S.K.: 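Below are the structure tokens for one structure; questions will follow.
Being a predicted model, the structure only gives us computed values, none of them experimental. Just the heavy atoms: all of them, side chains too, but no hydrogens, waters or symmetry mates, feed the values below.
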Amino acid sequence: MCGIVGYIGKRNAAPILMDGLEKLSYRGYDSAGIAVIGAGDRITVRKAKGRLENLAALLAASPAEGCVGIGHTRWATHGEPSDLNAHPHTDVKGGIAVVHNGIIENHEALRRFLTAEGAVFVSQTDTEVIAHLLKHLYRGDMKEALLRAIAMLEGSYALGVVCDAEPGVLYCARNDSPLVVGFRDGEGFIASDIPALLSHTRDVLFLEDKEIARLDLGGVSVYDAYGTPSHHELFHVDWDIDSAEKGGYAHYMLKEIHEQPEALQKTFAPRRPQTPGVYEWLPLSPEEARRLRKISIVACGTAYHAGVIGKYAIERLARLPVEAEIASEYRYRDPIIGEEELFIAVSQSGETADTLAALREAKRRGARVMAVCNVVGSTIAREVGEVGTLYTYAGPEIAVASTKAYMTQVEMMVMLAIALGELRGTLPRQEADRMLRELAQLPAKAHQALESEPLLQRFAAGASQKKHVFFVGRGLDYALSMEAALKLKEVSYIFSEAYAAGELKHGPIALLQPGRLVVATITQPALLEKTISNLREVTARGATVVAVCRESLVEKVEGSVEQIIPIPDADDLLAPLLAVIPLQLFAYCMAVSRGCDVDKPRNLAKSVTVE
């Protein structure tokens with residue numbers, strides 16, 4: 001959500017800032033702007049509503065030149081998307097410029113105080129309060145002003161700050177919002193995510209909450225909330241830069257769907273037991289696994305849907321009660337956390353604000369915590385610790401709609417279920433070994449599932465103007481349908497909803513009418529007859545049914561649906577990982593057919609760093 005960049009060095013800052021903002025545009029935004037300290041130590045601000053192309057056109061007509069600057073892509077929270085509400089924001093005289101990710105919860109009280117002190121506000125944003133507050137507190141040392149300001153700010157923030165009285169310095173600070181700092185060969189960089197820095201440096205540090213950093217041509221200094229210097233180990237980023245580019249695909253989403261076979265392999269390979277029954281990657285001893293009484297899997301959006309499949313898998317193999325919960329609700333319902341309970345936070349970015357808050361609440365109440373996360377060094381990973389974090393190794397995911405991150409989260413859940421099942425004695429070793437062999441075969445089968453793309457392209461061409469789509473399934477297929485419905489909503493803007501197939505007759509069937517499109521997932525043989533019976537109720541009302549179906553079940557499904565999308569056979573717990581591929585492709589093809597901006601859906605952000 002939103003993107004921050006900053007630069008200090010000897011080159012012109014504006015092109016570097018614009019390149020960084022482009023690298024962060026996948027996060028979602030509705031306006032953009034930069035502030036540069038130029039000749040005469042004056043701050044020049046350029047900002048524009050809409051896409052970065054609008055800002056680029058503004059800069060072409062009216063350049064902003066200088067060697068120190070900050071930039072921002074805004075996702076509106078306080079105030080509508082507009083030129084005026086776009087960042088950066090300045091104080092009255094324009095001598096201090098600020099960019100901000102997050103939400104300042106006490107901005108109204110601060111606004112009243114600062115107005116009484118003579119500040120004149122021109123925007124509807126909470127961010128403008130920070131610029132005026134810094135001006136009010138500034139006494140010749142921006143570091144001291146920032147330290148005093150963050151003691152007064154309530155809420156979440158990542159800040160980039162420049163000041164005309166200190167033209168050779170770039171400042172930043174964070175609390176509950178990610179911020180990365182890099183320095184190389186006399187140049188300093190800040191950003192809200194690593195991709196913005198990769199073309200400049202691979203050695204970065206992550207600010208902790210309530211810390212500030214001061215960057216000048218000599219290097220970086222970090223201070224805690226009391227102004228005491230903080231030492232940070234550098235983190236080396238070993239991503240292949242090309243993995244964050246489209247690589248010839250029309251969209252990042254399509255590229256990332258096609259990267260899923262490789263992602264599955266990267267998640268599984270480091271964790272395949274070298275000795276049968278020994279799961280060295282699991283941060284639980286056999287004794288601790290046996291003593292567990294309950295697991296809570298807590299996440300948001302797509303990660304929550306992975307957690308629902310995790311619930312099915314762990315309960316089936318480990319015979320352990322599991323609750324899959326929405327993070328934004330978890331800490332507000334006074335959760336009951338007992339002894340021998342495990343809390344698992346699931347997040348692609350490792351920065352999801354609601355999931356992070358739920359994790360902290362669980363820790364406060366004494367739960368044992370783990371995390372399933374894609375981004376090394378992220379806030380959730382640091383809160384849990386390296387030992388307790390199960391990285392998915394999916395690689396950079398740029399499209400807002402998650403695909404390969406979801407796939408690897410589900411795979412991680414199944415692997416966790418296998419390990420817990422064997423350690424708890426509820427899954428025989430022979431059966432565990434069989435499932436592990438099937439996991440090893442999954443990437444090859446995922447390649448086969450990708451072959452459904454031409455069929456889905458043809459189908460979407462004729463179905464893309466549908467206004468409503470139902471997704472149905474039973475058991476694991478219902479859990480998968482939830483994710484499929486979300487994908488279609490996200491990228492095509494078609495109203496879609498998932499229903500447990502057995503629940504159709506309890507209300508939703510009233511919505512069926514001739515021509516309504518229903519997508520059924522059929523991967524669980526034990527529920528086949530029940531599902532087919534439900535689909536007959538659907539077709540009897542004139543609805544069109546498309547089924548994603550295991551090859552071994554195709555003959556039994558034919559005649560009950562209009563179109564079948566076959567997937568390779570696999571273990572019952574692994575089949576949903578193959579079925580999700582055509583469902584992702586279906587959402588993608590529908591969005592393309594409708595002319596939607598697939599990688600940057602409206603109103604959405606990749607990393608939701610505010611509640």
Side-chain angles (χ1 to χ4, degrees), residues 1 25-30 50-51 75 246 249-260 300-306 348 397-407 449-450 452-473 477-499 508 511-513 515-521 538 543-548 561-563 565 579-606 608:
M1 184 175 292
S25 62
Y26 68 91
R27 297 167 67 92
Y29 68 99
D30 46 49
R51 292 301 186 195
W75 190 83
K246 289 182 183 176
Y249 288 91
H251 299 93
Y252 282 113
M253 183 179 179
L254 183 60
K255 172 179 178 280
E256 288 157 9
I257 290 172
H258 280 264
E259 287 176 339
Q260 288 180 124
C300 299
T302 284
Y304 165 71
H305 296 155
Q348 187 282 135
E397 189 177 65
I398 305 302
V400 168
S402 179
T403 52
K404 64 178 180 176
Y406 169 81
M407 175 77 86
L450 286 167
S452 62
E453 184 177 348
L455 178 58
L456 288 162
Q457 286 175 337
R458 291 193 295 272
F459 183 83
S464 62
Q465 298 311 307
K466 296 284 186 182
K467 295 182 178 180
H468 306 89
V469 179
F470 287 4
F471 290 84
V472 299
D477 290 335
Y478 168 53
L480 181 57
S481 293
M482 295 166 64
E483 173 59 14
L486 178 61
K487 278 294 148 293
L488 188 64
K489 289 175 192 171
E490 286 179 316
V491 298
S492 74
Y493 317 139
I494 295 173
F495 182 83
S496 54
E497 198 59 80
Y499 296 104
L511 298 173
L512 293 180
Q513 60 189 41
R516 183 78 80 215
L517 179 57
V518 177
V519 179
T521 308
V538 169
T544 299
V545 180
V546 178
V548 176
V561 302
E562 182 173 302
Q563 178 79 60
I565 312 296
V580 76
I581 293 174
L583 292 169
Q584 293 166 343
L585 288 168
F586 172 71
Y588 172 80
C589 292
M590 292 283 276
V592 171
S593 293
R594 291 167 64 87
C596 299
D597 190 345
V598 177
D599 288 333
K600 303 170 188 174
R602 67 189 183 205
N603 304 329
L604 295 182
K606 182 63 175 175
V608 183

S.K.: Output every pair passing salt bridge (Lys or Arg N to Asp or Glu O under 4.0 Å) with a member in residues 455-469, not counting sequence neighbours, ordered by first then second residue.
M.R.: none

S.K.: Taking 4.0 angstrom as the limit, do D597 and R51 come out as a salt bridge?
M.R.: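 A salt bridge links D597 with R51.
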
S.K.: Run the ring-ring contact (aromatic ring centres under 6.0 Å, His included) test against Y588 and tell me which residues pass, sequence neighbours left out.
M.R.: H251

S.K.: Could I get the full list of ring-ring contact (aromatic ring centres under 6.0 Å, His included) partners for Y249, not counting sequence neighbours?
M.R.: H258

S.K.: Is the closest side-chain heavy-atom distance between V546 and E562 below 4.5 Å?
M.R.: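 The answer is no; the side chains never approach within 4.5 Å.
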
S.K.: Side chains of F586 and V548: does their closest heavy-atom pair fall under 4.5 Å?
M.R.: no

S.K.: Can you measure from CD1 (I494) to CG (L488) and round to the nearest 0.5 angstrom?
M.R.: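 Atom-to-atom, I494:CD1 and L488:CG are 4.5 Å apart.
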
S.K.: To the nearest 0.5 Å, what is the distance between CD (Q584) and CG (L450)?
M.R.: 9.0 Å

S.K.: Hey, could you give me each pair passing salt bridge (Lys or Arg N to Asp or Glu O under 4.0 Å) that has a residue in residues 483-493? Not counting sequence neighbours.
M.R.: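 Matches after skipping sequence neighbours: E483-K487, K487-E490, K489-E497.
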
S.K.: For the residue pair Y406 and A306, what are the closest heavy atoms and their distance?
M.R.: CE1-N, 3.7 Å

S.K.: Taking only residues two or more places apart in sequence, or in another chain, which ones meet A460 in a side-chain contact (heavy atoms from CB on, under 4.5 Å)?
M.R.: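 For A460 the side-chain contact (heavy atoms from CB on, under 4.5 Å) partners, ignoring immediate neighbours, are C589, M590, S593.
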
S.K.: Checking side chain to side chain contact (heavy atoms under 4.5 Å, CB included) for the pair L455/Q563: CA distance, chi angles, key distance, verdict?
M.R.: CA-CA 10 Å; L455 178 58; Q563 178 79 60; 3.8 Å; yes

S.K.: Is there a side-chain contact between F459 and L517 in this structure, where contact means two heavy atoms from C-beta onward sitting under 4.5 Å apart?
M.R.: yes

S.K.: Could you report the tightest heavy-atom contact between V518 and V538, atom names first, then the distance?
M.R.: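 For V518 versus V538, the nearest heavy atoms are CG2-CG1, 3.7 Å.
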
S.K.: Mind listing the closest non-hydrogen atom pair of E397 and K404 along with its distance?
M.R.: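 The answer is OE2-N, 3.2 Å.
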
S.K.: Answer yes or no: is there a donor N or O on one side and an acceptor on the other, between the side chain of E256 and the main chain of I398, under 3.5 Å?
M.R.: yes

S.K.: Could you go step by step and tell me if M407 and I581 meet the side chain to side chain contact (heavy atoms under 4.5 Å, CB included) rule?
M.R.: CA-CA 9 Å; M407 175 77 86; I581 293 174; 3.5 Å; yes

S.K.: Could you check whether any side-chain N or O of D599 sits under 3.5 Å from a backbone N or O of A399, counting only pairs where one atom can act as donor and the other as acceptor?
M.R.: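 Such a contact is absent between D599 side chain and A399 backbone.
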
S.K.: Taking side chain as C-beta onward, heavy atoms only, is R516 less than 4.5 Å from T544?
M.R.: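 The answer is no, as the side chains (C-beta and beyond) never meet within the 4.5 Å cut-off.
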
S.K.: Please enumerate all residues that pass side-chain contact (heavy atoms from CB on, under 4.5 Å) together with T521, with sequence neighbours excluded.
M.R.: D477, L480, S481, T523, A579, L583

S.K.: With sequence neighbours left out, write down each residue that passes ring-ring contact (aromatic ring centres under 6.0 Å, His included) with F470, or none if nothing qualifies.
M.R.: Y499

S.K.: Given side chain to side chain contact (heavy atoms under 4.5 Å, CB included), test L486 with Y304 step by step and report yes or no.
M.R.: CA-CA 11 Å; L486 178 61; Y304 165 71; over 6 Å; no

S.K.: Not counting sequence neighbours, which residues clear side-chain contact (heavy atoms from CB on, under 4.5 Å) with C596? List them please.
M.R.: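 Here the qualifying residues are Y493, A591, R594.
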
S.K.: Go through the steps for L254 and E453 under the test side chain to side chain contact (heavy atoms under 4.5 Å, CB included), then give the verdict.
M.R.: CA-CA 10 Å; L254 183 60; E453 184 177 348; 3.6 Å; yes

